[in-house]
Amino acid sequence: MESNVRVRFAPSPTGPLHIGGVRTALFNYLFAKKHGGTFVLRIEDTDQTRYVANAEQYIVDALDWCNIPFDEGPGKNEKFGPYRQSERKELYKKYADQLIESGWAYYAFDTSEQLDSERKGHEENGKTFIYNWHNREKGRLVNSLVLSDEDVQNRINKGEKYVIRFKSPQDESLLMNDEIRGTIKIDTNTLDDKILFKSDGMPTYHLANIVDDHLMEITHVIRGEEWLPSMPLHVLLYRAFGWDSPKFAHLPLILKPVGKGKLSKRDGDKLGFPVFPLEYTNEQSGAVSRGYKEDGYFTDAFINMLALLGWNPGTEQEIFSLKELTQVFDLGRVSKSGAKFSPDKTNWFNQQYMQTKSDKELTELYVSILSEKGISADVDYVQKVVSLIKERAVFAADFWNLSDFFFQTPTEYDAKASKKNWKEGTPELMNELIEVINTIQDFSSVNTETVIKEWITAKEIGFGKVMQPLRLSLVGALKGPHLFDIIEMIGKEETLNRLKNAIDCL
């Protein structure tokens, strides 16, 4: 592997960054870091009609939150800047002209009406119109391959609109190599003559992409499967310019959780999960799209999940830190087939990472949640609560439902649990229990459990007759961690108070 590996992530600023794009960025980042290379961010904004003002900053913020920041890009180590294609447009015309001079491209003056007429004519004969060797020099299409040089120059001088098309070769079997998919063979007779330069003076993605990758010395192009059909044109463009081609790798699609097809925002809206890393507000409509960050996912859990969508380490290991991923990532273990997204598996990853977080770190999150609810609690107390409940939590937002009873006396009791566990003789038992608890001096979890269980044993009654009503009295439901840990935490006075409330209310 070359020591000067350079990869790029080149999104279009047309809206929020889909998790498919984040995974592409992640795989580029991992590949670069494994080989001591450079991860470049380039903003491909040649399509100004779809440009969204806040999208570029969103991309940068998303990469930062994912802990995969770019090494080189807009405003950062601009060795090959500028990194926005809209700021490089003067470059591209020169290279388009170079292709015309070498015979690899030509001017096309066809109007939209003329092209529509050609399409309709082909359709009437049961054929599909392709602008290429079949028809580009037969006289019906208006281009510099059939016009005289003088006529072409006159049309340009008069300001007649034109595009520049690539001249695809005829009768060739083009062999290409993909780092993931192996050798790919294409019959060049099936290729159309793609537009490289548009009538608005801007290059298309194809020309700008190739020129920028060459000038920025990109060694590996790692991108989504949707760009696989563009690979023949890109390989041919490198040949036409006489440049060495980078190595290509096309990543598999991220598929819907159910059925076939590419994962979309609509799937997330329908099934209740985000498809963007950060929350995004549409500046025009005001519509807000959910983000993994705001939904409470940990960055490392999100990245771990994404890494295993379409790549596997060849072992049973599923939990990887970013550093570990960097060490073991290999394009050779990226799948050719699509990877089905699983919301449940994503939540599982978050729960796994929840257990790796320190109680102190989780306490900071919970204190913030409690503050929003207007609850002020001792930090050490909150940390003890967190240590008791975190195993049951998927998100920090789950903490409140798992532990509200640590901070407030129950005012309601689960109806089903009450009907089943609060029997005719229960109030008398709870009153006796109050007397027992009153005698306890050492209110530690271990001692309280010992005393109460000895009392139950002495009465020769089932433990459930006492333990279930006791939990219901203290918690309001049959949930929560070890019952005597709860008793120790809330204290003797509050334990007695809750027992009395339950006797009065149930």
Side-chain angles (χ1 to χ4, degrees), residues 1-11 17 19-44 59-60 62-74 76-81 83 176-184 209-225 227-228 231 234-235 238 243-252 254 299-300 302-315 317-336 339:
M1 182 65 62
E2 301 94 330
S3 60
N4 61 334
V5 165
R6 289 177 59 82
V7 300
R8 60 22 172 219
F9 177 52
L17 186 61
I19 63 171
V22 179
R23 188 196 59 174
T24 298
L26 173 62
F27 282 16
N28 273 279
Y29 176 90
L30 294 176
F31 186 81
K33 297 309 167 186
K34 179 173 183 177
H35 298 290
T38 303
F39 175 48
V40 178
L41 174 66
R42 186 172 72 230
I43 302 299
E44 301 204 338
I59 292 165
V60 173
L63 295 180
D64 286 343
W65 178 71
C66 292
N67 288 329
I68 52 173
F70 59 94
D71 300 311
E72 190 179 300
K76 186 177 182 181
N77 300 325
E78 295 202 14
K79 181 179 178 182
F80 294 100
Y83 290 83
M176 307 175 293
N177 184 68
D178 186 280
E179 298 295 299
I180 296 168
R181 298 158 196 279
T183 301
I184 299 172
N209 175 276
I210 297 305
V211 170
D212 287 345
D213 282 348
H214 172 71
L215 295 180
M216 293 180 182
E217 299 180 4
I218 301 302
T219 60
H220 295 76
V221 173
I222 304 170
R223 59 190 180 184
E225 179 182 310
W227 293 111
L228 196 56
M231 187 179 175
H234 295 178
V235 168
Y238 276 102
W243 298 336
D244 290 335
S245 173
K247 293 181 178 179
F248 290 92
H250 290 86
L251 308 175
I254 297 179
T299 295
D300 36 13
F302 175 67
I303 287 298
N304 197 156
M305 175 275 293
L306 273 187
L308 293 176
L309 278 179
W311 170 82
N312 76 82
T315 67
Q317 183 177 346
E318 290 189 279
I319 303 300
F320 292 89
S321 66
L322 187 59
K323 182 178 180 181
E324 289 173 325
L325 286 171
T326 300
Q327 293 168 344
V328 300
F329 182 76
D330 182 357
L331 284 175
R333 299 208 65 86
V334 175
S335 173
K336 299 180 183 69

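All values below come from the heavy atoms of this structure, side chains included, with hydrogens, waters and symmetry mates left out. Index from 1, following the sequence. Since we're looking at a predicted model, the values are computed, not measured.
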Which residues pass the salt bridge (Lys or Arg N to Asp or Glu O under 4.0 Å) test with [X], not counting sequence neighbours?
X: D212; result: R42, R88
X: E318; result: K345
X: R223; result: none
X: K33; result: D71

Side chain to side chain donor-acceptor pair (under 3.5 Å) partners for [X], two or more places apart:
X: Y83; value: E72
X: D178; value: H250
X: N209; value: Y205
X: T299; value: W65

Residues that [X] engages under ring pair (Phe, Tyr, Trp, His ring centres under 6.0 Å), provided they are two or more places apart:
X: F39; result: Y29
X: F9; result: none
X: F80; result: none

Contacts of N177 meeting side chain to side chain contact (heavy atoms under 4.5 Å, CB included) (sequence neighbours excluded), chain-then-number -> E179, T183
